[in-house]
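Quantities reported herein were computed from a predicted structural model and do not represent experimental measurements.
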Amino acid sequence: VNKEIVSLINHNGGSACGLTGKDGDLIRARKLHVKRDNPEMQAPEIIDIGHVGEVESIQTGIVEMLLNAGFTPVIAPIGAGEDGTSYNINADVVAARVAEVLGAEKLILLTDVTGIRDADGETLTGLNTREVETLMQDGTIQGGMIPKAQSAIGAVRNGVHSAHIIDGRTQHAALLEIFTDQGIGTLISEDN
C-alpha cells in the first residue's frame with residue numbers, strides 16, 4: 001500500500017517518498033502484550049499475537065529531512081525493537097504519535113465509515129475529547145473505531161490542534177473536510 005500511495009502522489013504532481021518506521025530509526029517499538037482475564041486462571045492470560053508492537057518512541061529526523069527537501073513522507077507503520085525485531089503497529093496510533101512529535105496542526109484519519117456515529121447511526125460532526133471518551137465508555141464507539149478515537153484523543157491532548165475522522169472512500173475527502181464549513185466527518189478538538 002505504501003508504494004501505491006507514493007506512486008499516486010508522484011503521478012499527480014507531488015513528490016513523495018515511502019519509508020517504514022525502521023528507516024532512520026523513526027519508530028522504536030516494543031512487543032505488544034495482550035492480557036485477557038480468564039476465570040479458570042488466577043492471573044490474566046497473556047496472549048502472544050506475534051510480531052505486533054506498540055510505539056515506544058518516535059525520532060523524526062528522517063521525516064524532517066524529507067519535509068525540508070520538499071518530499072511528502074509516506075510512512076508504513078512498522079517499527080523496530082531494541083534488538084532489531086520488526087513489529088507491525090496500528091497505523092492510526094503511528095499517525096497520531098508522529099503528528100504529536102512533529103507538532104502538527106491537524107491529524108486526519110481515513111476510514112471506511114463517515115466518522116464517529118451516535119447510537120442511531122448518525123455521524124457526529126463535532127466532538128471534544130471528553131465526549132469521545134464518554135462514547136467509548138458507553139459502548140457507542142466500538143470495534144475498529146476505538147483505536148482511531150483513542151489516537152485522536154491522544155493527539156489532541158498532546159498538542160495537535162484538531163483530529164478528523166473521515167471516510168477515505170469519498171472523493172476529495174480531505175479537501176471537503178478542511179475547506180468547507182460543514183466538513184464530511186467527525187472533528188475532534190480539546191475540551192472547552
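In this structure, Asp92 and Lys148 have side chains that are in contact, with non-hydrogen atoms separated by less than 4.5 Å. Side chains of Gln150 and Met136 form a contact here, defined as non-hydrogen atoms less than 4.5 Å apart. With contacts defined as side-chain heavy-atom distances shorter than 4.5 Å, the pair Pro73/Leu67 qualifies. Residues Ser86 and His51 have side chains not in contact (no heavy-atom distance under 4.5 Å, counting atoms from C-beta outward). Side-chain contact between Ile188 and Asn128: absent, with no pair of heavy atoms (C-beta onward) separated by less than 4.5 Å. The side-chain heavy atoms of Leu127 and Leu187, taken from C-beta on, include no pair separated by under 4.5 Å. With a 4.5 Å cut-off on side-chain heavy atoms, Ile89 and Ile78 do not count as touching. Residues His164 and Ile108 meet the side-chain proximity criterion, which asks for heavy atoms closer than 4.5 Å.
Checking side-chain atoms of Ser7 against main-chain N and O of Lys3 turns up no donor-acceptor pair under 3.5 Å. For the pair Asp23 (side chain) and Thr20 (backbone), a donor-acceptor distance under 3.5 Å is present. A donor-acceptor distance shorter than 3.5 angstrom exists from the side chain of Asn10 to the backbone of Ala16, with no hydrogens or angles considered. Between the side chain of Thr123 and the backbone N or O of Thr125 there is no donor-acceptor pair closer than 3.5 Å. A donor-acceptor pair under 3.5 Å is formed between the side chain of Asp83 and the backbone N or O of Thr85. With Glu177 contributing its side chain and Ile184 its backbone, the two residues share a donor-acceptor pair below 3.5 Å. Side-chain atoms of Asn68 come within 3.5 Å of backbone N or O of Glu64 as a donor-acceptor pair.
Nearest heavy-atom pair, Leu107 versus Ala155, reported as atom, atom and distance to 0.1 Å: CD2-CB, 3.8 Å. A pairwise comparison of heavy atoms in Lys22 and Gly84 identifies NZ-O, 4.1 Å as the closest pair. The two atoms that bring Pro147 and Asn90 nearest to each other are CB-ND2, 3.8 Å, heavy atoms only. Closest approach of Ile75 to Gly21, counting heavy atoms only: CG2-N, 4.4 Å. Scanning both residues, Leu109 and Ser151, for their nearest heavy atoms gives CD1-CB, 4.5 Å. Smallest separation of non-hydrogen atoms from Val156 and Ser189: CG1-C, 3.6 Å.
Both Leu135 and Val113 are assigned to one and the same hydrophobic cluster, defined by single-linkage of ILVMFWY side chains at heavy-atom distances under 4.5 Å. In the hydrophobic clustering of ILVMFWY residues, with side-chain heavy atoms under 4.5 Å counting as a link, Val74 and Leu19 come out apart. Hydrophobic clustering of Ile, Leu, Val, Met, Phe, Trp and Tyr side chains at less than 4.5 Å, counting indirect connections, keeps Val6 apart from Val94. Note on Val132 and Val160: same hydrophobic cluster, where clusters join Ile, Leu, Val, Met, Phe, Trp and Tyr whose side-chain heavy atoms are under 4.5 Å apart, directly or indirectly. In the hydrophobic cluster analysis, where Ile, Leu, Val, Met, Phe, Trp and Tyr join through side-chain heavy atoms closer than 4.5 angstrom, Leu102 is grouped together with Phe71.
With hydrogens and angles left out, the side-chain atoms of Glu190 and Thr129 include a donor and acceptor closer than 3.5 Å. In this structure, a donor-acceptor pair under 3.5 Å is absent between the side chains of His172 and Thr170.
Glu133 has a carboxylate O that lies under 4.0 Å from a charged side-chain N of Arg157, or vice versa, which qualifies the two as a salt bridge. The existence of a salt bridge linking Arg28 and Glu56 is excluded, since no basic side-chain nitrogen approaches an acidic carboxylate oxygen closer than 4.0 Å.
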Item to complete: Show your reasoning for whether side chain to side chain contact (heavy atoms under 4.5 Å, CB included) applies to Arg117 and Ile141.
Response: CA-CA 7 Å; Arg117 295 187 248 178; Ile141 296 175; over 6 Å; no
Discussion item. Please determine whether side chain to side chain contact (heavy atoms under 4.5 Å, CB included) holds for the pair Tyr87 and Lys31, giving the CA-CA distance in whole Å, both sets of side-chain angles, and the decisive distance to 0.1 Å.
Written reply: CA-CA 7 Å; Tyr87 293 105; Lys31 185 173 181 65; 3.7 Å; yes
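Between Ile153 atom CD1 and Glu131 atom CD the span is 10.5 Å, to the nearest 0.5 Å.
The side-chain contact (heavy atoms from CB on, under 4.5 Å) test with Ile116 singles out one residue from Thr140, Leu124, Thr111, and that residue is Leu124.
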